[in-house]
There are 4 protein chains.
Amino acid sequence: MAQSSRKIINDPVYGFITLDHPVLLSIVAHPWYQRLRRINQMAFAHLVYPGAVHTRLHHSLGAYHLMCSAVSELQRKGFAIDEEEALGVKIAILLHDIGHGPFSHALENVLIRGVHHETLSLEIMKVLNKDLDGQLTLGIDIFTGAYPKRFLHQLVSGQLDMDRMDYLTRDSFFTGVSEGVIGYDRILKMLTVRDGELMVEEKAIYSIEKFLVARRLMYWQVYLHKTVVSAEKMLVRILERARQLVMLGADVPACSPVLDFFLQHPQAPATDTSAGPAGWDVNANLDKFCLLDDFDVMSTIKVWMFHSDMVLSLLSRSLIDRRLLKVRFQATNFDEEYVQEVRKTVAAKLDIPIEETRYLVFTGEAVNTTYNSLDEKINILFRDGSVKDISEVDNALIRQTLTSTVKKFYICYLNT
Amino acid sequence: MAQSSRKIINDPVYGFITLDHPVLLSIVAHPWYQRLRRINQMAFAHLVYPGAVHTRLHHSLGAYHLMCSAVSELQRKGFAIDEEEALGVKIAILLHDIGHGPFSHALENVLIRGVHHETLSLEIMKVLNKDLDGQLTLGIDIFTGAYPKRFLHQLVSGQLDMDRMDYLTRDSFFTGVSEGVIGYDRILKMLTVRDGELMVEEKAIYSIEKFLVARRLMYWQVYLHKTVVSAEKMLVRILERARQLVMLGADVPACSPVLDFFLQHPQAPATDTSAGPAGWDVNANLDKFCLLDDFDVMSTIKVWMFHSDMVLSLLSRSLIDRRLLKVRFQATNFDEEYVQEVRKTVAAKLDIPIEETRYLVFTGEAVNTTYNSLDEKINILFRDGSVKDISEVDNALIRQTLTSTVKKFYICYLNT
Amino acid sequence: MAQSSRKIINDPVYGFITLDHPVLLSIVAHPWYQRLRRINQMAFAHLVYPGAVHTRLHHSLGAYHLMCSAVSELQRKGFAIDEEEALGVKIAILLHDIGHGPFSHALENVLIRGVHHETLSLEIMKVLNKDLDGQLTLGIDIFTGAYPKRFLHQLVSGQLDMDRMDYLTRDSFFTGVSEGVIGYDRILKMLTVRDGELMVEEKAIYSIEKFLVARRLMYWQVYLHKTVVSAEKMLVRILERARQLVMLGADVPACSPVLDFFLQHPQAPATDTSAGPAGWDVNANLDKFCLLDDFDVMSTIKVWMFHSDMVLSLLSRSLIDRRLLKVRFQATNFDEEYVQEVRKTVAAKLDIPIEETRYLVFTGEAVNTTYNSLDEKINILFRDGSVKDISEVDNALIRQTLTSTVKKFYICYLNT
Amino acid sequence: MAQSSRKIINDPVYGFITLDHPVLLSIVAHPWYQRLRRINQMAFAHLVYPGAVHTRLHHSLGAYHLMCSAVSELQRKGFAIDEEEALGVKIAILLHDIGHGPFSHALENVLIRGVHHETLSLEIMKVLNKDLDGQLTLGIDIFTGAYPKRFLHQLVSGQLDMDRMDYLTRDSFFTGVSEGVIGYDRILKMLTVRDGELMVEEKAIYSIEKFLVARRLMYWQVYLHKTVVSAEKMLVRILERARQLVMLGADVPACSPVLDFFLQHPQAPATDTSAGPAGWDVNANLDKFCLLDDFDVMSTIKVWMFHSDMVLSLLSRSLIDRRLLKVRFQATNFDEEYVQEVRKTVAAKLDIPIEETRYLVFTGEAVNTTYNSLDEKINILFRDGSVKDISEVDNALIRQTLTSTVKKFYICYLNT
């Protein structure tokens, strides 16, 4: 009874999560993994939904828990998944978000330009794999899709992957938006495999519809809620302004050396040979990245509340005090003249040059697709052995017209 | 502190339900109301979902609870609902199901032909109103729609009435079909009134979509589940067979005098002057109806398990032992020849005349409409004051093609 | 993929219950098992807690589900439970309540005198075992305690058995008494075995305390709630009165032949050779018993509402209409003179002989023990290998004085 | 319909929280209130229970929500609470935690010596009251107990106050420790007032017992969990070490000017006339305090991971990477010689002077009382008008012996 290789974690969403293999415990205990405790899963959604303060670590453990269930179900249905593969796919999901930085969706292209979080995840996994004597190799192969059993990869990253199952469930739970609840347990029970591809049994059609509609609702009601959008865009503008000031030679100290590093090295890392002077090498600086978290960003912004640059301090103070830029959505693009008019008013009010108002008045697009039949492909396996996309079944709720992208246009502006 | 006029009831769905007016307590204490304890809300759904054994009384109390919330919300938003009206609309919802008999949906046109449960509800309310010195008058007017403030009636019976809000919520809760959960609390918060009509605020669009999709799911996954359909149709056939035997002069005793009465008096009651010989007067027999419940029906069928008529005893035993007729759904009507073939096989197997197989082999239709824009009309009140049907808003999930009725054809047959 | 030997059942309490062996499916499909659908788990508790209408079948499935978890946990901790034993202990729990009759706690010594429900359970299991070609033998041995691994029996029937875990959890869920919630999942995770005995790890001390306090609360707040007590005692009096009338030669027809049989044969069955004239043979009449359910009892009482015997009809009508006898609890026995006084008043009021008032005015005791250290023995296994009873750990909440029985005295009487 | 003075907030615990008065909205919108978003309610409990990341703001809103229910219930029972008082008591609870700093329980006597958080709360309320033109005066009087209706103060701060009701409920919810669930809704329904004092009705006895046992469980299982204790004590040691280094003249920069201020001014503030040289004036520095949050503390510790002082960097790194000091609990004090032995080992291992090991090896006490009958006094109002303390009712679970304090001794030490 090697109890030491077994750990039980309370989870308000699923009850208990069990880690029962030494390598899983080693992963979770790693400082780079513990960092995920310090990254909020939902960035600023808590400004609207105060409960939404759960972390990426919690989400990753949750997705892992669902993976354990999915693997058991598929095994019980007779699909071959051996113990090594089972461990591999659990490792893959446990690590799938390891490359996320703070406020990832907002900052992905701001703080660290040109490196996608999945690339970082992979690089980090490789380092961890060395530390763990190659025990992650199969997990990494499943993560990248190199492993031949495609459905294993699809459980990690696909239309019905455990990542989505968990984040929709968890985000709905912590926001208290009960309408976002999906029937994750029923969908898991209905997973099946055919020709190596993950799909769902016919009985699950209504659950899948429900899943897609719940996702649609979560997008428009939570992830793209106008207050959330405003806060995230303000964060981007704050960092852009800080960068600009750095480039102009101003003193814009961050609270931590690692955030300073990324502020001072804004450019794309040396993924190719021709890295410019400020470029940096991903691998050489992975340890810096793995120190970066919400605390660096937020404590820095708290200090910038008192910065001498008015735009930087105004934005920083507004974000911290939750006195956000106004935001308005509409179905069509905002008229450029109108935007200029707003900018002029703000410039006059604050007595700043009009070009600086781009940090305080700006437009953008919020985009979501209920179901993208081109790249989503949720396949239904019918009792007669035929396979159809969810958008093609009889009396489909999800059909052609829903599969087009919905775009909403927004303007954020300082209320003068 | 007249505590005696206040009663608190535990409810697993909403926590606590408070009855806080003497007339409400008198209604609930009435024997005719207590009868609702003995009528299962979901008939035979428990054969698939064992938790689905909640009663019509429980549902009625739940709908009443939601009404209390809805009234408070509307009052707080400034819509005029005085104390008398508030009590009236609560009375109306508390009594809205009082006219339901046992296995209502299945037996409505079998046990008591030609009287709709809403008619019976109204007749019963009138009797209760006399007993309670006219205190129900306003409630009855709201129930029938005679009261001028239309939105009060719509809270009792309309597209977003408290009846539906509760039954979807409660049925989903007790079946454990978590995907059927609707955001009733959010919808209640978003109710509004314009030009005397009940509608919802713009912000509720996604919640309403969710509500309609959850209802769609509940229909196909629960209410029209093939096992449930089979059991309900078997019940109908059992009573039809018993009736036929009665007409043929056989001895088919029911367990209770009241069920006997309705078996012996199959015909339409004397709602008009021309009641036939076996017709009966609704009002004169209201007390009989108000004794009828699931116990009469089920204990009678248990006795019929041993009846000498093979069709009757076979069906009765099969229903009681949950060895149900096989059922198959398909998108098109079953071929008549095929049905005849099945009948022949059954007739041969049981050695009964072919015409008696109509109790053991039969076809029918299960029908549901996700959203009927013709008679549902869920109106959305936009911030700019305009009003649109939910199927007409931008990027509507609920749109024309979904509003057509979905019909599935089934065959039930004895497995030989 | 023999999907046909796998069945998934929705449960609002645990999500999904999986039956995954042909013998389990055969048991559940048996008519004698299906009968448990027609027996309310909590008898008349629904008169106070309207949600408490779940059935013995549902409880049995729930206890089975917990058993599956408990077995997995113990196996994962390294305790030897082979596949045959695992199946056996699941069979034992699935069948543990098969011998319960309708309103079991109230009627155990009334309807069927002298046979304990566990005896009946065992007899029924033996018959089923024959039908199933001996597949239940190991399960029966575990049920009776004949099987050498004692902890398996203790999982079925012991201080921390799956029966209790489920009924407390389920009753608390369906009544909506959230305070009765026990941490069943945590307790399951903490189960352990030492010297062949089931016990719990040290970490579970607070959970066990919580479990015992929740049980205490459920007893006094739910199971022994005065309204519930009143209804159950009325039921007993109704059957006693009917029996007396039968013995006096009156015509007191039950609604069903099987209930008639038990009314007419009140005496102890022939468990020994000297069965008296009215005694009946358990085995010869097992099929009759296995037809008996709540429907027989309740529909019969509904008919007795109109019986010519005033005491019988008065009690029957009062129970059906929920106009129950008044009940009062106190800490000491009721004074005999006082009781006589009340009886006289009732006799005068109803104009009946004083001896008949014993059906309408009577006293009794409600008894509960928070923790009986004599026969409960919940053992805690400490990290240092020592074992202590829960009432003997440091700073015990559960201690000597709590282990004595609490007795409350009640009087039930017709309110005149 | 002044919708703008009404705000609805989703809460996963209670569903929806409604703020419906302009002054309530003004309070919540204040930057000093928004700061509570940045203070974790449960400090380091999330290191064991990853869901426990909810904030003081969320808790405060939750306690406010319960207050709304409590006030409504008491009003409905006929106790006089006018609109002004109702608003006052809501203001008081909304602000009751406004004086909490980051990691309050751990740092109260470390970061800001000699000022209790309730003192700070009061000072902050006074400032806010000025900003809000005196609208908080009645609320402040209720908070301090100056207002004559004592039960209003007791709802804010007393044995059954809304603070406790919410924190136990919320902490149990977010940790997922379902056994900590209290029946808050039932207790609220049972609140009553007699002679101006808050008490509960007799019916609530079992709920109160349950409440106290749940609290006991939460203390030992969560708040005083050994890992949580270790992390909190490490935080204290980190700040103490930093202070010592500051006093020794070392450069120990914090990440933010405000934390620097409190590090540099460690002494008691000038609450009396004789403030020493490093003392600071509470009122003059309230704005500094109101900037301080978890981000200052955590980002500073992240920087100190790289400090040249080995003790400071070791502790900082260990806390951030969750490689905590080992902790052991026992019932008696640790032997001083044993502790010295451990210190020597650590000193040798790290090659540091023995006196510096007091940051890495130390002992302490964890203390909790299940029910302190001296200062808790939960009064039960019996039907006969008598009042008894919960520990004095018949068959009390909570009795004398439980009311003594349970003390556990711990040692924290670096694992060498």
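So you know, we letter chains A, B, ... as the sequences are listed, proteins then strands, and number each from 1.
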**Item:** chain C contact via R323(B) - which portion, at a heavy-atom distance below 4.5 Å
**Value:** side chain
**When H30(B), R35(B), R37(B) are compared by non-hydrogen pairs under 4.5 Å with chain C, the top option** = R37(B)
**Request:** Select one option (side chain, backbone, both, neither) describing which atoms of I17(B) are under 4.5 Å from chain C's heavy atoms.
**Result:** neither
**Prompt:** Of all the residues in residues 56-64 of chain B, which have a heavy atom that comes within less than 4.5 Å of a heavy atom in chain C?
**Reply:** L57(B), H58(B), L61(B)
**Fill in**
Heavy-atom closest pair (G51(C) atom, F174(B) atom, distance to 0.1 Å) is O-CE2, 4.2 Å
**Request:** State whether the side chain of N10(B) and the backbone N or O of G176(C) hold a donor-acceptor pair below 3.5 Å, judged by distance alone.
**Result:** yes
**Message:** For F173(B) and F173(C), I'd like to know if the aromatic rings sit close, meaning centre-to-centre distance below 6.0 Å.
**Reply:** yes
**Prompt:** Is it the case that more than 12 heavy atoms not belonging to K226(C) sit under 6.0 Å from its NZ atom?
**Reply:** no
**Spacing of CG belonging to L291(B) relative to NZ belonging to K302(C), to within rounding of 0.5 Å** = 5.5 Å
**Message:** Only pairs of heavy atoms separated by less than 4.5 Å count here; which of V48(C), T175(C), I9(C), D294(C) has the most with chain B?
**Reply:** T175(C)
**Complete:** Under 4.5 Å to a heavy atom of chain C? For F306(B) that would be side chain
**Prompt:** Looking only at heavy atoms, which of residues 315-322 of chain B get nearer than 4.5 Å to chain C?
**Reply:** I320(B), D321(B), R322(B)
**Message:** Rounded to the nearest 0.5 Å, what separates atom OG1 in T300(B) from atom CZ in F295(C)?
**Reply:** 11.0 Å
**Asked** Does any non-hydrogen side-chain atom of P50(B) lie less than 4.5 Å from one of T55(C)?
**Response** no
**Prompt:** Side chain, backbone, both or neither: which part of V303(B) has an atom under 4.5 Å from a heavy atom of chain C?
**Reply:** side chain
**Asked** Under a 4.5 Å heavy-atom cut-off, does chain C meet the side chain of A52(B), its backbone, both or neither?
**Response** neither
**Message:** Does any backbone or side-chain atom of D293(B) lie under 4.5 Å from a heavy atom of chain C? Answer side chain, backbone, both or neither.
**Reply:** both
**Fill in**
If one checks every heavy atom of V297(B) against chain C at 4.5 Å, the contacting part turns out to be neither
**Point-to-point distance, once rounded to the nearest 0.5 Å, from NE2 of H46(C) to CZ of R38(B)** = 9.0 Å
**Asked** Among P253(B), P31(B), S299(B), who wins on heavy-atom pairs under 4.5 Å with chain C?
**Response** P31(B)
